[in-house]
Amino acid sequence: MSETMNLRQMPKTVALHGALWAGRIMNAFVVVALAADGTIQLFAPAQIAGMLQETGFSMDLTHVVGPIILACAILYAIPATTVLGAILVTGFLGGAICAHVRIGELGSAPEIISLLLGAMTWGGLYARHPRIRAVLPLIR
């Protein structure tokens with residue numbers, strides 16, 4: 001009887017282990033993307049000057065936006081503050097999407113990337129944390 005129980009539990013354990021690693025990979029990708037964006041905003045704003053002008057933002061804002069992005073990435077990367085970081089990342093990415101919609105770039109590459117990063121932000125948490133799955137059940 002105990003062998004039957006172990007065989008039934010094994011696929012669920014393997015699936016949970018796979019979901020855990022998929023969540024970690026998604027979360028790492030989000031942190032790296034945000035850290036890269038924040039670093040460029042702070043140390044190489046000339047590289048994104050064209051995009052800032054298109055969206056109507058001043059070059060002076062890179063010294064404000066860069067640290068905000070880096071703070072969001074750090075909060076998201078720290079396990080104790082990951083949910084707060086996810087909320088802040090989602091807000092930041094929502095603002096980025098809004099800026100592109102405002103200038104008529106519906107479906108543009110930066111907008112799609114922001115949307116995917118937002119989905120990966122919460123998808124990674126969903127895959128890694130049972131408490132998130134309990135609060136936001138996809139299947140009942």
Side-chain angles (χ1 to χ4, degrees):
M1 185 74 159
S2 65
E3 287 180 32
T4 307
M5 293 287 282
N6 288 338
L7 290 176
R8 287 183 187 160
Q9 292 174 349
M10 195 171 5
K12 186 176 182 179
T13 304
V14 171
L16 288 176
H17 185 71
L20 176 67
W21 276 101
R24 287 176 178 164
I25 290 168
M26 283 189 277
N27 289 161
F29 186 82
V30 170
V31 169
V32 168
L34 291 173
D37 188 22
T39 302
I40 289 170
Q41 296 260 350
L42 276 177
F43 300 111
Q47 291 183 348
I48 57 170
M51 186 169 48
L52 287 172
Q53 287 177 343
E54 287 177 15
T55 54
F57 289 102
S58 166
M59 285 291 289
D60 295 338
L61 288 178
T62 59
H63 297 294
V64 175
V65 175
I68 291 172
I69 297 169
L70 290 173
C72 290
I74 290 167
L75 287 171
Y76 184 65
I78 298 171
T81 60
T82 193
V83 173
L84 172 61
I87 292 167
L88 295 174
V89 167
T90 305
F92 172 77
L93 294 172
I97 291 169
C98 183
H100 288 282
V101 168
R102 183 184 63 79
I103 62 171
E105 289 187 347
L106 189 61
S108 66
E111 188 179 39
I112 300 298
I113 291 169
S114 295
L115 183 65
L116 290 174
L117 280 175
M120 289 176 72
T121 298
W122 286 99
L125 286 182
Y126 190 87
R128 286 179 45 212
H129 297 287
R131 291 185 300 170
I132 302 279
R133 288 191 299 275
V135 171
L136 303 169
L138 293 178
I139 300 172
R140 292 200 180 246

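Since the model is a prediction, treat every value here as computed from it, not as a measurement.
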Say whether Val135 and Val89 are linked into one hydrophobic cluster, either directly or through other cluster members, by side-chain heavy-atom distances under 4.5 angstrom.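 The answer is yes; both residues are in one hydrophobic cluster.
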Linked, directly or transitively: Leu61 and Ile40 (ILVMFWY side chains, under 4.5 Å):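 Looking at the clustering, Ile40 is in the same group as Leu61.
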So, using side chain to side chain contact (heavy atoms under 4.5 Å, CB included) as the criterion, who are the partners of [X] when residues are at least two apart?
{"X": "Phe92", "result": "Asp37, Val65, Ile69"}
{"X": "Pro67", "result": "Leu42"}
{"X": "Leu117", "result": "Phe29, Val30, Ala33, Leu93, Ile113"}
{"X": "Ser108", "result": "His100, Glu105, Pro110, Glu111"}

Kindly compute the distance separating [atom1] ([X]) from [atom2] ([Y]), expressed to the nearest 0.5 Å.
{"X": "Met120", "Y": "Leu115", "atom1": "CE", "atom2": "CG", "answer": "12.0 Å"}
{"X": "Thr121", "Y": "Leu88", "atom1": "OG1", "atom2": "CG", "answer": "11.0 Å"}
{"X": "Tyr126", "Y": "Arg131", "atom1": "OH", "atom2": "CZ", "answer": "15.0 Å"}

Looking at every non-hydrogen atom in both residues, tell me the closest pair between [X] and [Y] and how far apart they are.
{"X": "Ala19", "Y": "Ala127", "answer": "O-CB, 3.3 Å"}
{"X": "Ala35", "Y": "Ala73", "answer": "N-CB, 4.3 Å"}
{"X": "Ser114", "Y": "Ile97", "answer": "CB-CG1, 3.6 Å"}

Kindly state each residue pair satisfying side-chain hydrogen bond (donor to acceptor under 3.5 Å, both in side chains) with at least one member in residues 62-77, sequence neighbours excluded.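 As it turns out, the side-chain hydrogen bond (donor to acceptor under 3.5 Å, both in side chains) pairs with a partner in residues 62-77, which skip direct neighbours, are Asn27-Tyr76.
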Would His129 and Val83 satisfy side-chain contact (heavy atoms from CB on, under 4.5 Å), going step by step from the backbone distance to the final call? CA-CA 10 Å; His129 297 287; Val83 173; over 6 Å; no
Using the test side chain to side chain donor-acceptor pair (under 3.5 Å), find all partners of Thr90 that sit at least two apart in sequence or belong to another chain.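 Residues passing side chain to side chain donor-acceptor pair (under 3.5 Å) with Thr90: Trp122.
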